[in-house]
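Have a look at the structure below before the remarks.
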Amino acid sequence: MKVDFNKLDKAFENRVRLQIMSVLMVNENYDFTSLKELLEVTDGNLASNLKALEKEEYITIQKSFIGRKPNTNYQASAKGRKAFQEHLAALEQLIQQQKK
Amino acid sequence: MEETKLHEDLASIRNMMERSSRFLSLSGLSGVMCGIYALIGAALAYAVIYQPFSLSGYRDYDKGDHYTMADTSVILFTPIVAQLFFIAISVLTASLVTVYMLTRRKAKKQGQVLWGKSSKTLVFQMCIPLLTGATFILIMITRGYIGIVSPACLAFYGLALVAASAYTYTDIRYLGLCEIALGIIAAIFPGYGLLFWALGFGALHIIYGTLLYSKYDG
């Protein structure tokens, strides 16, 4: 059985990026600190992965202030949602193929 | 990329979707404890209200289902009401403290943040029906509609649980619906408020707490 790994999105190969996208699929938006607490990763790791997703235009960023503290919120873009769904479908296919 | 990585990916997607939107460290055990406190409270309240003690007590609303305004101040500032108020506050405080302590312990064990995005949303969503209900009930009490306290407590608490169920275990929704149903039945039978109150806050909490405990705790 030929297994097609090409359909998997390269952007989601990294576990942290995959997790960020999962969170943004089910939440309207999520802020940096909450993401960090949830994923249990360092500031730097999270920031660089967010940047990568931003570069792919999978997420959009909104910066605001709560009082004097800067607050950065992330949202999944339409493009990102589509890419994630396709990635999920590809994962499902691969698993089904392996079952045979 | 091999099979285990695929499965791990899927597991982590699912885990993140769930944990990011729901607070899953609510302690089932604390539900059982709250139920026990409520039953103790109800028993004490029963003893206070129905003196001399009898097992078949109920309030007689025959002269109309509420007291007149002139009666209200007489009824509201009696030793009985003061004692009931003290019992109610004690049960509420003990319950809140227990929920907080046990949930904090469970969150710590599960590595979930106690006061994070999901728990904040959960508390906020519950507060809307609860504060509405509390205000409504307080206003009705000052107007002399004592009989409304128990049905309204149950109904508004049920609404709060249904609202909360989107942000924690889905099972809570059915507990909420049961509380609402009990509240409405209690409204049909004024005078048996304490009985329904004990069923809703005591028995149902113990049953549901046990259910959640066996399903998610440990």
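Lettering of chains follows the sequences in order, A, B, ..., and the numbering in each one begins at 1.
In this structure, the side chain of B:Ser21 engages the main chain of B:Met17 through a donor-acceptor pair within 3.5 Å. A donor-acceptor distance shorter than 3.5 angstrom exists from the side chain of A:Tyr30 to the backbone of B:Ser20, with no hydrogens or angles considered.
Residue contact with chain B, scored on non-hydrogen atoms closer than 4.5 Å, is absent for A:Leu24. Heavy atoms of A:Glu92 lying under 4.5 Å from chain B are absent altogether. In this structure, no portion of B:Gln112 lies under 4.5 Å from any heavy atom of chain A.
Between B:Gly28 and B:Leu212, the shortest heavy-atom distance links the atoms CA-CB, 3.9 Å. Taking each heavy atom of A:Ala83 and A:Asp9 in turn, the nearest pair found is CB-OD2, 3.6 Å.
Using a 4.5 Å heavy-atom cut-off against chain B, no residue of residues 46-78 of chain A qualifies as contacting.
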Kindly determine whether B:Tyr157 and B:Phe201 satisfy ring-ring contact (aromatic ring centres under 6.0 Å, His included), including the steps that lead there. CA-CA 9 Å; B:Tyr157 179 62; B:Phe201 288 100; 5.1 Å; yes

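In this pair, B:Phe189 and B:Phe196 present their aromatic rings parallel. The plane angle is below 30°, not in the 30 to 60° band.
Residue pairs meeting the salt bridge (charged side-chain N to carboxylate O under 4.0 Å, His left out) criterion with at least one member in residues 168-178 of chain B, sequence neighbours excluded: B:Asp171-B:Lys215.
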